[in-house]
2 protein chains.
Amino acid sequence: MAIPRAAQTLRRTRIQEEKEEIILEAALEVFSQRGFHGSTIDQIADVAGMSKPNLLYYFRTKEAMHRALIDRVLENWLEPLKAFDADGDPEEELCSYIRRKLEMARDFPRESRLFANEVLQGAPHIIGVLEGPLKELVDEKAEVIEAWIKAGKIRHCDPRHMIFSIWSTTQHYADFDVQVKAVLGPGQDGDDRFEQAAQFLEQLFVDGLIRPVDVALADS
Amino acid sequence: MAIPRAAQTLRRTRIQEEKEEIILEAALEVFSQRGFHGSTIDQIADVAGMSKPNLLYYFRTKEAMHRALIDRVLENWLEPLKAFDADGDPEEELCSYIRRKLEMARDFPRESRLFANEVLQGAPHIIGVLEGPLKELVDEKAEVIEAWIKAGKIRHCDPRHMIFSIWSTTQHYADFDVQVKAVLGPGQDGDDRFEQAAQFLEQLFVDGLIRPVDVALADS
DNA sequence: GTCTATAAGGCGATAGAC
DNA sequence: GTCTATCGCCTTATAGAC
């Protein structure tokens, strides 16, 4: 028996949730690859193994599907930055943040590309998130970094641009994966490039932002 | 008088070139903002101030327009990396490359987004360039950097991932401009963020890759 | 060279049977 | 809940007058 639409947002059956899960998984696959405008409901229906009208039974419009997907993915996406801790050791926190972000680029490239596509095209659906929750989160973490600077634990630098540089360098391996693989050539095994990236980036950020402050220059 | 299509590629009149110029400028505006699939010929025609059939007189298909645009923009886009010189001082070369790339992000953000859109969606139209000319160029520059490393002029690191990190950090300010502006907030005047980025990135890369090798740690 | 008109097909969304 | 059929719009591309 059909359940009225209004009730769906309040209480959903297990089956409904499973179907929505399948649809959103397919939507992630398609939206992340071709962007919102480049994607069609047909493509998503194909991937989901369902008919187009059936998809539109669960999500009334293409936009609703996209919005639901964004909402669903956004939480996990911001988690690494939230985990950034003021009490920890700066070098350890920095490295662990880089590592986490690289792992996400490796394990959840579609999520990264979903947001990249969105932001690249002007972020029409999430501009509110960027100016609200995201900005507040960055402001909060920027204060942590400022405190480290004032305490002499890391070099003086602009905390916000430091965060940008971590975002860009790590997400690059998800968003521009085709280019990375093309430039590195075919001699690579599996996920080697992520290991190499981790090593390079940890060195870059640690030596660039931390080491010169409190560690004497000993070995090369 | 209509000139046969076949002749257009061989010899074009000034007027034809000017018209094509206008169309490609409009195409850049639209394609860079919405990606290939999200863009319509109508939108490009509007921006160009011409009728849709008129556009299709100069470029027979939407794909042809896109291809011509990519070809046209690609040359300038690779120039900064080509200018990377083995004979120069590593610190100077590195800084000047970063500065150049940041200037391009500031002055030609549409070109950056055009490629970002393309690569993000799997680079269907330029995969050949990535695997051919781009890879070769990077290979060549990687050797320069390797030579610097062996000469003890910069720290040991992976040259290709070093190039990736410069690309990603600088292009971030073009491709994700909306997000950068949202996070930095409204208190910014004009292009301040590019100045801040230049300062941060030069410090990061110089201290992270060069200074520890041959400069004693004196001042903080 | 540029226009209006239109063909041909893709797409989002709905109708209604089951 | 899921299907087939279809509406109505948008988009690429062409035809043909000027």
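Legend: residues meeting salt bridge (Lys or Arg N to Asp or Glu O under 4.0 Å) with A:Glu143, ordered by chain and number and at least two apart, are absent. A search for side chain to side chain contact (heavy atoms under 4.5 Å, CB included) contacts involving B:Arg72 returns B:Glu21, B:Leu24, not counting sequence neighbours. Every residue meeting the salt bridge (Lys or Arg N to Asp or Glu O under 4.0 Å) condition with A:Glu29, not counting sequence neighbours, appears here in chain and number order: A:Arg110. In this structure A:Phe176 satisfies the ring-ring contact (aromatic ring centres under 6.0 Å, His included) test together with A:His172, sequence neighbours excluded. The salt bridge (Lys or Arg N to Asp or Glu O under 4.0 Å) check on B:Lys135 picks up B:Asp139, with sequence neighbours excluded. Checked against salt bridge (Lys or Arg N to Asp or Glu O under 4.0 Å), B:Glu63 has the following partners two or more places apart in sequence or in another chain: B:Arg67. Residues forming a ring-ring contact (aromatic ring centres under 6.0 Å, His included) with B:Phe115 (at least two apart in sequence, or on another chain): B:Trp77.
Atom P of nucleotide D:dT11 and atom CD of B:Gln43 are separated by 7 Å, given to the nearest angstrom. Note: CD (A:Glu18) to C1' (D:dT2) measures 17 Å, nearest angstrom. Between the CG atom of B:Asp42 and the P atom of D:dA13 there is a distance of 12 Å, rounded to whole Å. Note: NZ (B:Lys19) to P (C:dG1) measures 9 Å, nearest angstrom. B:Ile44 places its CD1 atom 11 Å from the P atom of D:dA13, with the value rounded to the nearest Å. Atom pair B:Asp46:CG and D:dC10:C1' shows a separation of 14 Å (rounding to whole Å applied). One can place CD1 of A:Ile41 at 19 Å from P of D:dC7, the figure rounded to the nearest angstrom. Spacing between atom CG of B:Leu55 and atom P of C:dT4 amounts to 14 Å, rounded to whole angstrom units.
Between D:dG1 and A:Gln16, a contact under 4.0 Å exists linking OP1 or OP2 to a side-chain N or O.
One finds the OG atom of A:Ser168 at 10.0 Å from the NZ atom of A:Lys101 (value rounded to the nearest 0.5 Å).
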Please enumerate all protein N or O atoms sitting under 3.5 Å from an N or O of nucleotides 14-18 of chain D, with distances to 0.1 Å.
none

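Side-chain atoms of B:Leu81 and B:Trp167, non-hydrogen and from C-beta on, do get closer than 4.5 Å to each other.
Residue B:Tyr58 places its side chain closer to C:dT2 than to any other of C:dG12, D:dA13, C:dT2. Listed candidates were C:dC3, D:dT2, C:dG12. Nearest to the side chain of B:Asn54 is C:dC3. When distances run from any side-chain atom of B:Ser51 to the nucleotides D:dA13, C:dC3, D:dT2, the shortest one goes to C:dC3.
Pairs passing the salt bridge (charged side-chain N to carboxylate O under 4.0 Å, His left out) check and including a residue from residues 179-191 of chain A, sequence neighbours excluded, read A:Asp177-A:Lys181. Pairs passing the side chain to side chain donor-acceptor pair (under 3.5 Å) check and including a residue from residues 37-46 of chain B, sequence neighbours excluded, read A:Arg34-B:His37, B:Asp42-B:Lys52.
The rotation axes computed at either terminus of the helix from C:dG1-D:dC18 to C:dC18-D:dG1 lie 10° apart, taking five pairs at each end and rounding to 10 degrees.
Ring geometry, A:Phe36 versus A:Phe31: the interplanar angle falls under 30°, so the pair is classed parallel (tilted spans 30 to 60°).
Remark: nothing in residues 21-40 of chain A comes within less than 4.0 Å of DNA chain D through any heavy atom.
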